[in-house]
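First comes the structure, then the notes that go with it.
These numbers were taken from a predicted model, which means no experiment stands behind them.
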Amino acid sequence: MREGYEGTGPGAITPDGCAVELYSRLPVGEEPDIIASAVPAGAHILELGSGVGRMTHPLLERGFTVTAVDESAEMLERVRGARTIRGAIETLDLDEKFDVVMLASFLVHAGDVEVRRGMLDVCRSHVADGGCVLIQREGENYHTDLPRERRDPSGFTIRMLSAEPVGDGVNSVRAEYVFPDAVWTQTFLARPLSKEEFEGALGEAGLRVDRYLTEDRVWVRAVPVEA
């Protein structure tokens, strides 16, 4: 387990505290529609941090080609219909270019600044000329107004329990997922980023915001900065 990360509950737990069985149960939501509306039909998508394929599979159903990358073999075993690559996102080097590179699951908020920089550099180095990078950010109140909970229509409850400062602008975040037959928890490190800080991080990697795809600015379409 990576330092500062922890997961509890049934089944395999990845080094960043994610439970494979939990992520297999989570509903898809509106993300695939947001993605599909922002990229060309039939695009080849490099999905960084695919997990069990929660978004991979709906994207394949919409006619996209997906290369799914994750560090967890247990996660990738659940992915069907996509090319899969096991490896750390921040050091990935496929020597390929893609129409779309996607960094979801709030990975841009990695507590380690160098890991974040590595991830964004990988996004930039793998996106084709004229392509785009789709990034999912945390919501504005992600680390505040805690604890809070949300009951999902499919029958489980998500509780954001706490976000405690651990130094250098990083919080230790604890979440709980309660299903009728099982409970999972995840503790992870996250660095809150204001809109300005986020856009500054993109700029360091040679990217810029093309547009925010959702009203809450959680989903972002970025493009390479022309040299």
Side-chain angles (χ1 to χ4, degrees), residues 1-23 26 31 48-52 54 69-72 74-75 87-92 102-124 133 135-150 152 156-179 182-205 207 209 216-220 222:
M1 192 65 58
R2 199 170 290 133
E3 185 176 355
Y5 294 75
E6 182 184 9
T8 67
I13 306 291
T14 66
D16 59 355
C18 294
V20 176
E21 180 61 31
L22 166 64
Y23 278 81
L26 293 180
E31 286 97 340
L48 302 175
S50 66
V52 298
R54 187 175 63 90
V69 178
D70 204 276
E71 68 175 351
S72 167
E74 293 90 349
M75 289 283 195
I89 296 169
E90 64 270 21
T91 57
L92 188 71
M102 187 167 70
L103 187 68
S105 300
F106 312 137
L107 291 173
V108 74
H109 293 271
D112 187 327
V113 171
E114 291 307 313
V115 169
R116 181 192 73 206
R117 285 176 176 152
M119 289 179 175
L120 290 175
D121 286 343
V122 166
C123 290
R124 177 65 182 88
V133 178
I135 301 173
Q136 184 184 26
R137 303 171 59 226
E138 293 174 347
E140 301 292 342
N141 66 339
Y142 192 79
H143 294 257
T144 59
D145 300 326
L146 300 176
R148 65 177 182 271
E149 70 174 53
R150 177 177 67 83
D152 191 87
F156 70 96
T157 299
I158 303 174
R159 295 185 178 126
M160 300 303 299
L161 300 176
S162 60
E164 301 295 333
V166 294
D168 190 34
V170 176
N171 289 339
S172 174
V173 181
R174 183 173 173 81
E176 181 180 65
Y177 300 79
V178 181
F179 285 75
V183 177
W184 285 272
T185 70
Q186 184 180 4
T187 303
F188 56 95
L189 300 179
R191 181 182 297 275
L193 296 171
S194 67
K195 178 175 176 289
E196 292 73 24
E197 289 168 333
F198 168 71
E199 293 179 0
L202 290 186
E204 287 182 6
L207 297 166
V209 172
D216 57 10
R217 296 199 294 268
V218 167
W219 277 94
V220 187

Using side-chain heavy atoms (C-beta onward) and a distance below 4.5 Å, is D152 in contact with I158? no
Using every non-hydrogen atom in the two residues, find where V170 and G111 come nearest and quote the distance to one decimal. CG2-O, 3.5 Å
R217/E140 ion pair, N-O < 4.0 Å: yes
Nearest atoms (heavy-atom pairs only) where H143 meets N171: ND1-ND2, 3.0 Å
Inter-residue atom distance R150.CZ - T157.OG1, 0.5 Å rounding: 9.5 Å
Without swapping roles, check the side chain of H109 against the backbone of E138 for a donor-acceptor pair under 3.5 Å. yes
Rounded to the nearest 0.5 Å, how far apart are OG1 of T187 and CD of E176? 10.5 Å
Would you say V108 and F198 make side-chain contact, with heavy atoms under 4.5 Å? yes
I need the D112 CG to R191 CZ distance, nearest 0.5 Å. 8.0 Å
Do side-chain atoms of D70 reach the backbone of S72 as a donor and acceptor pair under 3.5 angstrom? yes
Specify the closest pair of heavy atoms between G9 and W184, including all atoms of both residues, with the distance to one decimal. CA-CD1, 3.5 Å
Minimum-distance pair of heavy atoms, taken over all atoms of S172 and V166: CB-CG1, 3.8 Å
Quick one: OH on Y5 to CD on E3, what's the gap to the nearest 0.5 Å? 10.5 Å
Does S105 offer a backbone N or O that forms a donor-acceptor pair with the side chain of Q136 under 3.5 Å? yes
Any heavy-atom pair between the side chains of L193 and R116 that's under 4.5 Å? yes
Between D216 and R137 (salt bridge meaning N to carboxylate O under 4.0 Å), is one present in this structure? no
Out of curiosity, E71 CD to T14 OG1, how far, rounded to the nearest 0.5 Å? 6.0 Å
Interatomic spacing from CD in Q186 to OH in Y177 - rounded to 0.5 Å: 6.0 Å
Flag the pair L26 / R54 as yes when at least one side-chain heavy-atom distance between them is below 4.5 Å, and no otherwise. yes
My understanding is that only residues two or more places apart in sequence, or in another chain, count here; which of them pass side chain to side chain donor-acceptor pair (under 3.5 Å) with E149? R159
For the residue pair L120 and I135, establish whether any side-chain heavy-atom pair is separated by less than 4.5 Å. yes
Name all residues meeting the side chain to side chain donor-acceptor pair (under 3.5 Å) criterion together with D121; count only those two or more places apart in sequence or in a different chain, and write none if there are none. none
Answer whether the closest heavy-atom distance between the side chains of R174 and T185 falls below 4.5 Å. yes
For the student: nearest non-hydrogen atoms of N141 and R148, plus distance: O-NH1, 3.2 Å
How close do A19 and I13 get, counting heavy atoms only, and between which atoms? CB-CD1, 3.6 Å
